[in-house]
Amino acid sequence: LLRQLGRFLVAQTEPSGAVLAFYDAGAGRPVPGVYSKYYTGEAYWALARLHRLFPGEGWGDTATRIGAYLATRRDVDEDLWPPIPDHWAAYGLAETVAFEERGDGQPLTDAELAYARRQAGLFGSQVRWVSQRFGPWGVVVRGPHVPRGGGYGVVGEGLTGLWRVAESDSRLADLRAPLADRATCIAGLAMRRQSDADEARDAAAPDRVQGAWFRDGETRMDDQQHALSALLRTVAIVDAAAGGGAAAGTAGSVVPSQPAPSAWLWLVALVAVANAGRVALGVPRRDRSPRDVAVVAALGGAAGGLAVYLISLASGPLLDALDVSAPAFRIAAGAVGAVAGAVALVRPAPSPEPALPGRRAALVPVAVPLVAGPALVFLALSAHADRGGGVVALALALTVGLLTVVAARVGVGGVSGRTLRWATRATAAAAVVAAVLLVVDGIFAV
């Protein structure tokens, strides 16, 4: 019977790896051109299981073809946007890494590896979204939506499957602890939503209430089967953590690591949002020598940069007080940075006049944090949380250095005001791009 079902699934699978959703029993053939966001991953999992039960019969070839389609083409070819987190694919990947012919250590193909990372990020972001409803901000930032039991379940199924994948492929070792943390978190939230004896006591049929997941007085089959599967598959993760073995992650526990954007991306984002050229246009230079302009710019820039750096030191306590994860704060900071960059693209640069006399004019380029607005402060806080103070200090030092050099050379046989304005717009565009990349990274962070 299993082989008959398998042959049917193979017949529904196109050469590309796409799985046709329906079969026309009257015509005796598959219905062409119709797909389902569920069936492809389910067929992948089923055929991968068949390959492990009956190796050498070719089931693995079709499963691998479907897996490659999921990893490279499915979302685009089937117009699934935004990309969907697929718990069925996670089940399939967890079987694929156990194929004997794949070997040990690094069983995934490069495409499967990249897909597993993307899927981990999508499921991780869902856990952050749901869990923050129970934090101090609650429905204010996450709305009134309450997941069904099946909603908690499919997220848990995806994460527990991907945790098994990460355990089998050394290239995903950095995700083992974060995946374990997210999986146990969503399991705890699911248990919190499950109806207990106290809730069931006043029901007409208490035994039909206790243990179920209700929303708006209704429960359905998916609410139980997905939640149950996720909880059972989380047991191995909790056991691994309690035993301190390799399955608990490289640290021997389920304390999450904090995968973060590269230091280079943070440097670009901070320097571009600070936009030293834009600030330089606001440095007073009337009746001042280039040397005096450079001094004014250096003093003001150093004071502003120091203020931003000192604020960034509070990133850890601040995120703890707000009960916000580093990836979630990165999304917020990137969004603010993107808006600031877009504003800098269209808004005129600050005017250098009227100016205070003497060295007091340095108060103007203190606007390194003020011209950039809260964006630079937000980004500095997030960068410090991700990469530490060194990246923030280097970015601010580069900004002050650029500000000093550019301010002294504007209109004195050096850089023309028009050229500098175009340069500031290019920098603002770079700020938008870098900030958007930070948002994307935050969304896909596990």
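The shortest distance between side-chain heavy atoms of L175 and V165 does not fall below 4.5 Å. Using a 4.5 Å heavy-atom cutoff, the side chains of N275 and T399 are not in contact. Between L93 and Y115 the shortest side-chain heavy-atom distance falls below 4.5 Å. H87 is not listed as a side-chain neighbour of V155, based on a closest heavy-atom distance of 4.5 Å or more.
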Inset, instruction - Let me see the working for V97 and R164 under side chain to side chain contact (heavy atoms under 4.5 Å, CB included), right down to the final yes or no. - result: CA-CA 9 Å; V97 295; R164 286 160 169 78; 5.9 Å; no
Inset, instruction - Take R74 and D86, measure what salt bridge (Lys or Arg N to Asp or Glu O under 4.0 Å) needs, and give me the verdict at the end. - result: CA-CA 11 Å; R74 191 268 298 270; D86 192 334; 2.8 Å; yes
Inset, instruction - Test F8 against Q4 for side chain to side chain contact (heavy atoms under 4.5 Å, CB included), laying out the working first. - result: CA-CA 6 Å; F8 173 76; Q4 288 177 333; over 6 Å; no
Legend entry - Stepwise side chain to side chain donor-acceptor pair (under 3.5 Å) check, S312 with H384: CA-CA 6 Å; S312 76; H384 197 287; 4.5 Å; no
Inset, instruction - Determine, stepwise, if the pair L402 / V271 fulfils side chain to side chain contact (heavy atoms under 4.5 Å, CB included). - result: CA-CA 9 Å; L402 286 169; V271 172; 4.2 Å; yes
Inset, instruction - Decide yes or no on side chain to side chain contact (heavy atoms under 4.5 Å, CB included) for V31 and Y23, but give the supporting numbers first. - result: CA-CA 5 Å; V31 176; Y23 183 86; 5.9 Å; no
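How far CD1 of I84 is from CD of E78: 8.5 Å, rounded to the nearest 0.5 Å. Atoms CZ and OG, on R192 and S131 in that order, are 10.5 Å from each other to the nearest 0.5 Å. If you take CG on L403 and CG on L398, they are separated by 12.5 Å, rounding to the nearest 0.5 Å. Interatomic distance, CZ of F329 versus CG of L379, reported as 9.0 Å (0.5 Å rounding). Rounding to the nearest 0.5 Å places OG of S36 at 7.0 Å from CD of E42. Within the model, atoms CG of L50 and CG of L9 stand 8.0 Å from one another, a figure rounded to the nearest 0.5 Å.
Of the N and O atoms on the side chains of D207 and Q210, not one donor lies less than 3.5 Å from an acceptor on the other residue. Inspection of the E14 and Y35 side chains reveals an N or O donor paired with an N or O acceptor under 3.5 Å. For the residue pair T219 / Q224, a side-chain donor-acceptor distance below 3.5 Å is found, with atom types taken as modelled. Side chain to side chain, T62 and Y44 fail the donor-acceptor criterion of an N or O pair below 3.5 Å. With hydrogens and angles left out, the side-chain atoms of E157 and Y91 include a donor and acceptor closer than 3.5 Å.
Checked for salt-bridge contact, D223 and R215 miss the test: no charged N lies under 4.0 Å from a carboxylate O. With respect to R148 and D216, no salt bridge is recorded, no charged nitrogen being found less than 4.0 Å from a carboxylate O. Electrostatic pairing of E112 and R102 counts as a salt bridge here, judged by a charged N lying under 4.0 Å from a carboxylate O. Between E100 and R52, none of the side-chain N atoms (NZ, or NE/NH1/NH2) sits under 4.0 Å from a carboxylate O, so this pair counts as no salt bridge.
At least one donor-acceptor pair under 3.5 Å links the side chain of T424 to the backbone N or O of R421. In terms of modelled atom types and a separation under 3.5 Å, the side chain of R193 and the main chain of L189 share no donor-acceptor contact. Between the side chain of Q12 and the backbone N or O of L20 there is at least one donor-acceptor pair closer than 3.5 Å. Side-chain atoms of S382 never come within 3.5 Å of backbone atoms of F378 as a donor-acceptor pair (strictly under, hydrogens ignored). Looking at W213, its side chain does come within 3.5 Å of a backbone N or O of A190 through a donor-acceptor pair. Remark: side-chain polar atoms of R128 are not paired, donor with acceptor, to backbone N or O of F123 under 3.5 angstrom. Without hydrogens or angle criteria, T427 side chain to A423 main chain gives a donor-acceptor distance under 3.5 Å. R118 places a side-chain N or O within 3.5 Å of a backbone atom of A71 that can act as its donor or acceptor partner. The closest donor-acceptor contact from the side chain of R387 to the backbone of P261 lies under 3.5 Å.
Between L122 and P83, the shortest heavy-atom contact is CD1-O, 3.9 Å. Residues A385 and L319 come closest through the heavy atom pair CB-CD2, 4.1 Å. The heavy-atom pair separating A383 from V392 by the smallest distance is CB-CG2, 3.9 Å. The two atoms that bring P30 and A11 nearest to each other are CG-O, 4.1 Å, heavy atoms only. Annotation for G41 and W88: closest pair C-CB, 3.5 Å, computed over non-hydrogen atoms. Closest heavy-atom contact between R233 and A94: NH2-CB, 4.3 Å.
Under the ring pair (Phe, Tyr, Trp, His ring centres under 6.0 Å) criterion, the residue pairs touching residues 49-84 are H51-F99, with sequence neighbours excluded.
More than 12 heavy atoms of other residues, nucleotides or ligands lie within 6.0 Å of CZ in R171, so this atom counts as buried by the packing criterion. The environment of Y38 atom OH is sparse: at most 12 non-hydrogen atoms of other residues, nucleotides or ligands sit within 6.0 angstrom.
Here the rule is salt bridge (Lys or Arg N to Asp or Glu O under 4.0 Å) with R117, and of D441, D174, D169 only D174 fits it.
Between F22 and Y39, the ring-plane angle classifies as perpendicular under the 30° and 60° cut-offs.
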